[in-house]
2 protein chains.
Amino acid sequence: MNEALERPYHHGNLRQALIDTASEMLRDDKGWQFTLREVARRAGVSHAAPYKHFPDKASLLSELAQRGFEQLEAETRAAISPRQRSARKAFMAAALAYVEFGIRNPSLYRLMFSAEAGDVATTHLGARAMSALGVVIELLQRGQASGEFKQRAVRGQAAACWSMVHGIVVLSIEGMLHPEKVGADPIRAALETLLEGLEAPAP
Amino acid sequence: MNEALERPYHHGNLRQALIDTASEMLRDDKGWQFTLREVARRAGVSHAAPYKHFPDKASLLSELAQRGFEQLEAETRAAISPRQRSARKAFMAAALAYVEFGIRNPSLYRLMFSAEAGDVATTHLGARAMSALGVVIELLQRGQASGEFKQRAVRGQAAACWSMVHGIVVLSIEGMLHPEKVGADPIRAALETLLEGLEAPAP
DNA sequence: ACCTGAACACCGTTCAAGT
DNA sequence: ACCTGAACACCGTTCAAGT
């Protein structure tokens, strides 16, 4: 921290330095009012310098968002890597990993779905998001193949899962899923309810 | 429209005029970059005039958000007013009304859950949101009383329902629930899945 | 009582000019 | 090749001054 004192980026990788600095701001400043000039300031360069490495502000944000999706997918995938578990357990582990990522990185998570990083649906961002969605689809296919989950259109079930975890994250970040409002451990309760909608009735 | 030509607010209700103008901007400008100066401009007053009626920008936004929650609750409630229906049908109708409100008013919906309108959880806003949540809770209690829904903690089920509809709205607004990505009518599919998690197995 | 105009401290973005 | 400083057109907010 405080790289500015060492004047480190006179030559080289300002681009990476800007990304790192911005990531830190995203992690630390809960109050999400991201400004390019402040990133430049913290990186120890003039406010015009970033424009040599990014065409505009949205471009830097988009870069951060993409990295966010990569990290989200990696963490969610890691949560289900022990393949021996049941689809139910794998589902729960993946869903909790997703939600925890969102709650641990509220500003980043908001950014990932914010229009400020570019049209999420139409740009590369959409591709990243869809790739993250792939984890869910694999999980659902596994559950259906083993007979644990109902035989339904996987894409519809995936829409349900993604909407649920996304909703949980956003409402949690906004402080609307606190126990006093909506009962103890609303996150687990919500995921349990969804899971029961996915599962096939006991034979 | 174009009220400015008639110089209508020289005397009276500039406060209301600002709210109306801002609401129109919210409805029309898909690209959500709300500025107080533009509201003043469209209302035909100087950029300093709003400060005689609202302490700051967040205050106007908060007012708009509160009205949004009122409208959302009213529309959701209206969708289930024919009391004779089954809990399943009432639930589906209410959920679809909620989701359609969000999709019809994307900027307003975003604002309602955005930190720009003040801390959603801690201010009056939170109260409005909780009041809107009341519709869901009544519905769940009805379904449990009639035996249609599983006997579970209503607050947990409510968390599931709210997270689901909220997630559906946000992902839809962001263009991530389009048929080519996630199958035909992902909204109904997602709500069906949730509903099956709520319902008691057939006796 | 209600509104305006100038002013201040910020933005994002551009561009000539510096090394 | 990479960065800076001044500049432009915007913000939100304040405040003396106008009617």
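Heavy-atom basis, side chains included; hydrogens, waters and symmetry copies ignored. Naming convention: chains lettered A, B, ... in sequence-line order (proteins, then strands); numbering from 1 in each chain.
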Atom CG of B:L36 and atom C1' of D:dC11: how far apart are they, to the nearest Å?
10 Å
Separation of C:dG12 P from B:Q33 CD (nearest whole Å):
14 Å
Derivation of the side chain to side chain donor-acceptor pair (under 3.5 Å) call for A:Q144 and A:Q157:
CA-CA 11 Å; A:Q144 286 200 12; A:Q157 289 179 324; 2.8 Å; yes
Just jot down the salt bridge (charged side-chain N to carboxylate O under 4.0 Å, His left out) partners of B:D29, sequence neighbours excluded, or say none.
B:R42
Just how far, in rounded Å, is P of C:dA7 from CZ of B:R37?
13 Å
A:R15 atom CZ is separated from D:dC3 atom P, nearest whole Å, by 13 Å
Hey, are the side chains of B:Y109 and B:L26 touching, using non-hydrogen atoms and a 4.5 Å cut-off?
no
Mind running a 4.0 Å heavy-atom check of residues 46-57 of chain B against DNA chain D and sending the residues that fall below it, in number order?
B:H47, B:A48, B:Y51, B:D56, B:K57
Under the rule for side chain to side chain donor-acceptor pair (under 3.5 Å), what residues qualify as partners of B:Q141, not counting sequence neighbours?
none
Write down the distance between CG (B:L61) and C1' (D:dG12), rounded to a whole number of angstrom.
12 Å
Here the helical stems involving DNA chain D, each at least 3 consecutive Watson-Crick or G-U pairs closer than 3.5 Å, sorted by first residue number, are C:4-8 with D:12-16, C:12-16 with D:4-8
Full working for ring pair (Phe, Tyr, Trp, His ring centres under 6.0 Å) between A:H166 and A:Y98
CA-CA 9 Å; A:H166 184 72; A:Y98 185 110; 7.5 Å; no
Below 3.5 Å, can you tabulate the donor-acceptor pairs from side chains in residues 87-94 of chain A to any protein atom, sequence neighbours excluded?
from, atom 1, to, atom 2, distance (Å)
A:R88, NE, A:E199, OE2, 2.7
A:R88, NH1, A:E192, OE2, 3.0
A:R88, NH2, A:E192, OE1, 3.4
A:R88, NH2, A:E199, OE1, 3.1

B:N13 CG to C:dC2 P, straight-line distance once rounded to whole Å:
11 Å
For B:S46, which residues count as a side chain to side chain donor-acceptor pair (under 3.5 Å) partner, sequence neighbours excluded?
none
So, does B:R41 get its side chain near the phosphate of D:dC10, meaning an N or O under 4.0 Å from OP1 or OP2?
no
Protein-nucleotide distance (B:L14, atom CG; C:dC2, atom P), rounded to Å
10 Å
Counting N and O atoms only, with roles assigned by atom type, does the side chain of A:S62 sit under 3.5 Å from a partner on the main chain of A:A58, one being a donor and the other an acceptor?
no
Is atom CZ of A:R77 surrounded by more than 12 heavy atoms (other residues, nucleotides or ligands) closer than 6.0 Å?
yes
For the pair made of CD in B:E116 and P in D:dG12, what is the distance, rounded to whole Å?
10 Å
